[in-house]
Student: 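Just dropping this structure here.
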Number of protein chains: 2
Amino acid sequence: MIDTDIFKALADPTRRKVFEKLAGGSLNASALRDGLEISQPAMSQHLAVLRAAGLVREQRQGRFVNYEVDPDGIASIGTWLARYRAYWPKRIEALADLLKDMDQ
Amino acid sequence: MIDTDIFKALADPTRRKVFEKLAGGSLNASALRDGLEISQPAMSQHLAVLRAAGLVREQRQGRFVNYEVDPDGIASIGTWLARYRAYWPKRIEALADLLKDMDQ
DNA sequence: GCAACACATAAGTATGTGCTTATGTGTCGG
DNA sequence: CCGACACATAAGCACATACTTATGTGTTGC
């Protein structure tokens, strides 16, 4: 299950913080570290998990590796969530149609 | 973090299957078992996790306990996902406004 | 009342996860 | 070239998780 990897990846608070940082723009592994109190290997491992889940993608630039949000991961969550649209507040049932568009 | 509980709960494939079953309508713990090869205690424990995460709510009926999807849990995921709307396909950027409505 | 039922909880165990320290791989500047 | 740098990987360890078997709690029908 690809969903398993995605949800597992997001189940860790540190990884969600990293992901949120990347949502603000592309950053390399070192830049991602400051603010968060985390060792270099730990960050590297977290990024590997996010990458394997399809939530993040990397782009080598010399000796730096730039990470950015992978829209495919976000889209997967959207698709999963769309299956339960019956339980979203009624006001936004129009959402269903929009999500259907997204699947194509 | 409430998000941690939600993502952890959904990271388990069995729990996602249970949740999907409940999305089809309210069911008691025994009814949830058939189809899935899972012991009674294991199901009970999974339901406790889903309940603690706010994804599911229970309703005692005599000696049965009826479970159903809790819309609050679904809404929480929607709210989380809304923060990354910049990375959704452009076509559904209108989604952002709809999600904003949901927060109230 | 009491046996069968529906479910929860306790305790033990195997496996998974996230960290650590140590080391490896590739790149850059002088 | 070579030392400093940016990052990945390996191995070990503490703790969490998902299961098991056994037992507890409350409800129902006879």
Side-chain angles (χ1 to χ4, degrees), chain A residues 1-22 24-70 73, chain B residues 1-22 24-70 73:
Chain A
M1 287 277 198
I2 186 89
D3 287 338
T4 299
D5 292 331
I6 290 181
F7 286 126
K8 270 191 188 176
L10 294 173
D12 185 85
T14 302
R15 276 195 295 264
R16 282 204 310 284
K17 281 180 197 163
V18 168
F19 186 79
E20 187 158 7
K21 273 195 158 191
L22 288 175
S26 177
L27 287 173
N28 61 54
S30 295
L32 281 168
R33 282 185 62 204
D34 40 68
L36 310 178
E37 278 179 20
I38 190 173
S39 70
Q40 178 268 316
M43 175 59 77
S44 186
Q45 287 158 14
H46 280 310
L47 288 168
V49 171
L50 287 168
R51 191 185 176 289
L55 284 162
V56 147
R57 60 190 175 196
E58 64 184 50
Q59 202 173 348
R60 221 165 222 262
Q61 293 202 124
R63 57 179 160 172
F64 297 85
V65 178
N66 249 310
Y67 287 90
E68 61 184 357
V69 169
D70 187 340
Chain B
M1 285 279 196
I2 187 88
D3 286 338
T4 299
D5 292 331
I6 290 180
F7 286 125
K8 271 190 187 175
L10 294 174
D12 185 86
T14 302
R15 277 194 294 265
R16 282 204 311 284
K17 281 180 197 162
V18 169
F19 186 78
E20 188 159 5
K21 274 195 158 191
L22 288 175
S26 177
L27 287 174
N28 62 53
S30 294
L32 281 168
R33 283 184 62 202
D34 40 68
L36 310 178
E37 277 178 21
I38 189 172
S39 70
Q40 178 270 316
M43 175 59 77
S44 186
Q45 287 158 14
H46 279 310
L47 288 168
V49 171
L50 287 169
R51 191 185 176 288
L55 285 162
V56 147
R57 58 190 176 196
E58 65 184 48
Q59 201 174 347
R60 219 164 223 256
Q61 292 201 126
R63 57 179 159 172
F64 297 85
V65 178
N66 248 311
Y67 286 89
E68 61 184 357
V69 168
D70 187 339

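Each chain gets a letter, A, B and so on, in the order its sequence line appears, and its residues count up from 1.
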Student: At less than 4.0 Å, is any side-chain N or O atom of A:Y67 found next to OP1 or OP2 of D:dA8? Yes or no.
Tutor: yes

Student: Looking at B:D70, is its backbone amide N or carbonyl O close enough to the side chain of B:R57 to form a donor-acceptor pair, meaning the two atoms are under 3.5 Å apart?
Tutor: no

Student: Quick one: on DNA chain C, does A:A42 or A:K8 contact a more 5' nucleotide (nearest heavy atom)?
Tutor: A:K8

Student: Measure from the side chain of B:P41, starting at C-beta and using heavy atoms only, and say which of D:dG26, D:dT21, D:dT9 lies closest.
Tutor: D:dT21

Student: Are any of the side-chain heavy atoms of A:E68 and A:V56 separated by less than 4.5 Å?
Tutor: no

Student: Let me know the distance between CZ of B:F64 and C1' of C:dC7, rounded to the nearest Å.
Tutor: 10 Å

Student: Take the protein atom CZ of B:R60 and the nucleotide atom C1' of C:dA8, then report the distance between them rounded to whole Å.
Tutor: 8 Å

Student: Indicate, yes or no, whether a donor-acceptor pair under 3.5 Å links the base of C:dT17 to the side chain of A:Q45.
Tutor: no

Student: Report the distance from atom NZ of B:K17 to atom C1' of D:dA18, rounded to the nearest whole Å.
Tutor: 14 Å

Student: When the distance from CD of A:E58 to C1' of D:dC7 is rounded to whole Å, what number comes out?
Tutor: 10 Å

Student: Rounding to a whole Å, what distance do you find between A:M43:CE and C:dC19:C1'?
Tutor: 14 Å

Student: Considering just the side-chain nitrogens and oxygens of A:N28, establish if one lies under 4.0 Å of OP1 or OP2 belonging to D:dC7.
Tutor: yes

Student: Send over the distance from B:H46 NE2 to C:dT9 P, rounded to a whole Å.
Tutor: 15 Å

Student: Can you tell me how far P of C:dG26 sits from CD of A:Q61, to the nearest Å?
Tutor: 19 Å

Student: Do side-chain atoms of A:R33 reach the backbone of A:I38 as a donor and acceptor pair under 3.5 angstrom?
Tutor: yes

Student: From CD of B:Q59 over to P of C:dA6, roughly how many Å is that when rounded to an integer?
Tutor: 19 Å

Student: Tell me if a side-chain donor or acceptor on A:S26 pairs with a main-chain N or O of A:Y67 at a distance below 3.5 Å.
Tutor: yes

Student: Under 4.0 Å between any heavy atoms, over every strand shown, what does A:R15 touch: base, sugar-phosphate, or nothing? Just pick one.
Tutor: sugar-phosphate

Student: Can a side-chain donor-acceptor contact be found between A:T4 and B:R16 if the only test is distance below 3.5 angstrom?
Tutor: yes

Student: Is any side-chain N or O of B:S39 closer than 4.0 Å to OP1 or OP2 of D:dT20?
Tutor: yes

Student: Within less than 4.0 Å of OP1 or OP2 of D:dC7, is there a side-chain N or O belonging to A:S44?
Tutor: no

Student: On the side chain of A:Q40, is there an atom forming a donor-acceptor pair with the base of D:dA8 - under 3.5 Å, no angle test?
Tutor: yes

